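One structure is given here, and the rest of the page talks about it.
In this chain, numbering begins with 1 at the start of the sequence shown. Values reported hereafter were calculated over all heavy atoms of this structure, with side chains retained and with hydrogens, waters and symmetry mates removed. Just so we're clear, the structure is a prediction, and the values are computed from it rather than from any experiment. All ligand and atom numbering here is 1-based and tracks the order in the structure.
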Amino acid sequence: MNRLAQRMARAIEMDGPLSIAAFMTMASHDRKDGFYASRESIGAHGAFITAPEISQIFGELLGLWCVQSWRDQGSPTPARLVELGPGRGTLIKDALRAARIAPDFLAGLEVVLMEASPAFEAVQREQLRDAPIAARWVSQWDQIAGDRPLFLLANEFLDALPVRQFVMTEHGWCERMVVVNAASDLAFALAPIPSPLDVPAERGPAEPGAVYEISPAAQGLVEEASRAIAAYGGAALFIDYGHEGSGYGDTLQAVSRHKQAGILDAPGKSDLSAHVDFSALASVASDACARAYGPIGQGAFLRALGIDTRGTNLAEHNPGCADGIGAAIDRLTGKREMGVLFKAFAILPGGAPPPPGF
Ligand code: SAH
C-alpha cells in the first residue's frame with residue numbers, strides 16, 4: 001500500500017467506507033499525493049496526451065469557435081472566457097493567439113482559468129507569460145462571478161470529475177464503496193442498504209449486477225454554467241470521452257503511464273476518469289433554460305470548423321512539418337483514433353443561433 005492508500009485506509013477505519021466519488025477526489029486532489037498534485041502527471045512524458053498537445057490547431061479552432069459564437073450573439077462586451085481544467089495551458093494559449101484576429105473580442109475580455117492543482121497552475125502561468133491578455137486563476141466555480149456573457153471551454157475536464165456508482169441487487173440499487181478488507185487492502189464492497197434512486201426511464205430495465213453511474217459534480221457544474229448562459233448569454237463547449245446514456249455500465253478507469261491500471265492499486269499514481277453521460281447533461285442544461293447541442297464526434301466537429309484548411313495553410317508555411325501536421329489531424333479526427341470516441345457538446349441560450357460546427 002502506498003502512502004495515500006494508507007491514509008485512505010485510516011480514514012475508512014475512522015469514518016466508514018468511502019464512496020467512489022470520495023475515493024476519486026482523494027486520489028486526484030490530495031495535496032501531497034494526489035494525481036494532479038504530482039509532477040508525474042504534468043510533463044510532456046506525463047500520464048496523458050490530450051488533443052491540444054497533439055496539434056496547435058485544436059486550441060486555435062476552439063478560440064475561433066468562441067469568437068464566432070460571441071459575434072453571433074451581437075458581440076456583447078464585456079464578456080468572460082473561462083477554461084475549466086486547463087492542464088498544461090496549451091489550449092488556452094493557442095485559443096488566445098488565434099483570437100488575436102478579433103481585437104474587439106479580446107478588448108473587453110476577462111480570462112479566467114479554473115484549476116484545482118497548484119502544480120498545474122504554475123505550468124499554466126508559465127505558458128501564458130506572453131499571452132495577449134492577462135488571465136486570472138480560480139480553484140473552484142463559485143469564485144467565478146455570474147454577471148456577464150460566459151464563453152467556456154473544457155477539454156477532458158468533465159471526465160476527471162468524481163462519479164458515484166450504484167449496483168442493482170435483489171434489494172435495489174446499492175452504492176459501490178471502498179472498504180478495507182480482511183487482508184488490510186483497499187477493496188470494493190456494496191453498501192448494505194439500497195439508495196432511493198431516480199433512474200431515467202430511457203435507461204431501460206436494470207438486470208441484477210447492472211451499474212448505474214452518475215456524476216453529481218459534472219451535473220452541478222453544467223447546471224451553473226447553463227444558468228449563467230441562459231441569463232447573460234454566451235456559449236460553453238465541452239469535449240470529452242462519453243456516451244449518450246442508454247443502458248448501464250461501469251466506465252471508471254485508471255490509466256498509468258499510458259496503460260490500464262487497477263483502480264485501487266496505487267491511488268494518486270494513475271489518472272482516474274469515467275465516461276461523460278451527455279444525455280444527463282443535456283437534460284440538466286434544458287432544465288436550466290439553456291439549449292444543448294450534440295454530442296457529435298470530435299472528428300466531424302473539427303472538420304466542420306475547417307481543420308483541413310487550417311492544416312494545409314500551416315503546412316504551406318512550415319513545409320518541413322507537413323507530414324507531422326497531417327498525422328496530427330488524422331489522430332484528432334480519425335474514426336479509429338479520437339474522431340468518434342471523443343465528442344463535442346455545447347450549451348447556448350435558447351434563442352441564440354446554433355454554434356459553429358453543430
Ligand atoms: N484540459 C486539459 C487537461 C485535462 S486533465 C487538456 O486538454 O490537456 C484535467 C485538468 O483538470 C487538470 O488540469 C486538472 O488538474 C484539472 N482538474 C481536475 N479536477 C478539477 C476540479 N475539480 N477543479 C478544477 N480543476 C480540476
Asp277 and Leu281, any side-chain heavy atoms less than 4.5 Å apart: no

Under 4.0 Å to a heavy atom of Pro52 - the qualifying atoms of ligand 1, by number: 6 (C), 7 (O), 8 (O)

Sole candidate of Glu115, Gln143, Gln124 that passes side-chain hydrogen bond (donor to acceptor under 3.5 Å, both in side chains) when paired with Trp137: Gln124

Side chain, backbone, both or neither: the part of Thr50 lying under 4.0 Å from ligand 1 by heavy atom: side chain

Test of ring centre spacing under 6.0 Å for Tyr293 and Trp65: no

Tyr232 six-ring centre to Arg148 NZ/CZ under 6.0 Å and within 45° of normal: no

Any N/O pair Ser117/ligand 1 closer than 3.5 Å: no

Parallel, tilted or perpendicular, as decided by the 30° and 60° cut-offs, for the rings of Phe345 and Phe278: tilted

Interfacing atoms of ligand 1 (cut-off 4.0 Å, heavy-atom, Glu156): 4 (C), 5 (S), 9 (C)

Ala116 N/O under 3.5 Å from ligand 1 N/O: yes

Part of Pro86 within contact of ligand 1 (heavy atoms, under 4.0 Å): backbone

Side chain, backbone, both or neither: the part of Leu91 lying under 4.0 Å from ligand 1 by heavy atom: neither

Enumerated ligand 1 atoms positioned under 4.0 Å from heavy atoms of Leu161: 22 (N)

Per-atom contacts, ligand 1 versus Gly87 - under 4.0 Å to a heavy atom: 2 (C), 3 (C), 13 (O)

Check: Phe157 N/O within less than 3.5 Å of ligand 1 N/O: no

Exercise: do Thr251 and Glu213 side chains pair donor with acceptor under 3.5 Å: yes

Flag for Thr90-Glu53: side-chain donor and acceptor within less than 3.5 Å: yes

Nitrogen or oxygen atoms of Gly85 and ligand 1 under 3.5 Å apart: yes

Sub-4.5 Å side-chain heavy-atom contact between Phe157 and Leu221: yes

Winner among His29, Glu121, Glu115 once heavy atoms are compared against atom 13 (O) of ligand 1: Glu115

